[in-house]
Amino acid sequence: QVQLVESGGGLVQAGGSLRLSCAASGRRASSLTMGWFRQAPGKEREIVAAVSWSGISTYYADSVKGRFTVSRDNAKNTVYLQMNSLKPEDTAVYFCAASIVYSTTYYYTRLNEYAYWGQGTQVTVSS
């Protein structure tokens, strides 16, 4: 089993920044591929970013490219999502997700590819 706990959400003005953290426990983070998803009210949960367990390979949704950066510190069993130039449309509950993978460079982008989920953290961007 893997437990994931997100933190770092909050209220920020448009153009501001936030950094989300996701702490993993129960299994070494270096064997996990990690993803960040978000879900706005009335919308489906969508992928935001993903990172392979080595950190070498990353993925970003088009809507966040150039503004968000995903990174990880396997020594701390933690994955981060640095969010810059935030927009009101980034308002959502952000979820961290993980799955066991045996490739150093592979990541997943679909919801059903992730086995473990955090409880989510609210990000609200005011205009």
Side-chain angles (χ1 to χ4, degrees):
Q1 279 290 342
V2 175
Q3 294 79 43
L4 304 172
V5 178
E6 303 99 333
S7 61
L11 173 64
V12 65
Q13 288 188 331
S17 298
L18 283 174
R19 188 176 82 155
L20 305 183
S21 299
C22 173
S25 60
R27 189 178 181 96
R28 286 193 314 133
S30 59
S31 63
L32 301 173
T33 183
M34 308 287 289
W36 285 99
F37 289 76
R38 66 186 181 187
Q39 188 166 18
K43 294 188 176 181
E44 294 185 352
R45 194 171 298 189
E46 62 179 4
I47 182 79
V48 175
V51 59
S52 63
W53 73 252
S54 66
I56 292 175
S57 301
T58 57
Y59 168 88
Y60 296 96
D62 288 343
S63 58
V64 306
K65 279 181 182 176
R67 300 189 297 123
F68 291 11
T69 302
V70 61
S71 62
R72 63 190 300 161
D73 184 340
N74 287 341
K76 296 182 178 179
N77 277 5
T78 301
V79 175
Y80 305 96
L81 185 68
Q82 178 67 42
M83 305 186 295
N84 298 330
S85 302
L86 282 162
K87 304 175 181 179
E89 51 262 45
D90 294 318
T91 295
V93 178
Y94 283 70
F95 297 89
C96 174
S99 261
I100 298 169
V101 66
Y102 298 102
S103 165
T104 61
T105 59
Y106 200 72
Y107 54 74
Y108 296 137
T109 60
R110 293 181 290 188
L111 272 74
N112 60 4
E113 292 176 315
Y114 285 91
Y116 307 102
W117 291 84
Q119 81 288 351
T121 185
Q122 177 70 46
V123 171
T124 303
V125 184
S126 63
S127 57

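Position 1 is the first residue of the sequence, and the numbers go up from there.
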Counterpart residues, side-chain contact (heavy atoms from CB on, under 4.5 Å), relative to [X] (two or more places apart):
X    : result
V93  : F95, Q122
A40  : K43, A92
T104 : W53, S54
A14  : P88, V125

Main-chain N/O of T105 paired to S57 side chain as donor or acceptor, under 3.5 Å | yes
Residues that [X] engages under salt bridge (Lys or Arg N to Asp or Glu O under 4.0 Å), provided they are two or more places apart:
X    : result
K65  : D62
E113 : R110
R19  : none

side-chain hydrogen bond (donor to acceptor under 3.5 Å, both in side chains) pairs touching residues 4-18, sequence neighbours excluded, are E6-Q119, S17-N84
(Q) Does L81 form a side-chain contact (heavy atoms from CB on, under 4.5 Å) with T69? I'd like the steps, not just the answer. (A) CA-CA 6 Å; L81 185 68; T69 302; over 6 Å; no
Does any non-hydrogen side-chain atom of [Y] lie less than 4.5 Å from one of [X]?
X    : Y    : value
D90  : R38  : yes
L20  : V123 : yes
Y102 : T33  : no

How many angstroms lie between atom [atom1] of [X] and atom [atom2] of [Y], to the nearest 0.5 angstrom?
X   : Y   : atom1 : atom2 : answer
W36 : Y80 : CH2   : OH    : 10.5 Å
M34 : S99 : CE    : OG    : 10.0 Å
R72 : S52 : CZ    : OG    : 7.0 Å

Y107 meets the side-chain hydrogen bond (donor to acceptor under 3.5 Å, both in side chains) criterion, sequence neighbours left out, with none
With sequence neighbours left out, the residues meeting side-chain hydrogen bond (donor to acceptor under 3.5 Å, both in side chains) with S21 are none
Those residues at least two apart in sequence (or on a different chain) that pass ring pair (Phe, Tyr, Trp, His ring centres under 6.0 Å) with F37 are Y114, W117
L4 reachable from I100 in the ILVMFWY side-chain graph, under 4.5 Å edges: yes
- Task: Tell me whether Y94 is reachable from V5 by hopping between hydrophobic residues (I, L, V, M, F, W, Y) whose side-chain heavy atoms are closer than 4.5 Å.
- Result: no
Contacts satisfying disulfide bond (SG atoms under 2.5 Å apart) that involve residues 59-94 (not counting sequence neighbours) are none
Minimal heavy-atom distance between L86 and V12, with the atoms involved, is CD1-CG1, 3.5 Å
Nearest heavy-atom contact between I47 and A61 is O-CB, 3.5 Å
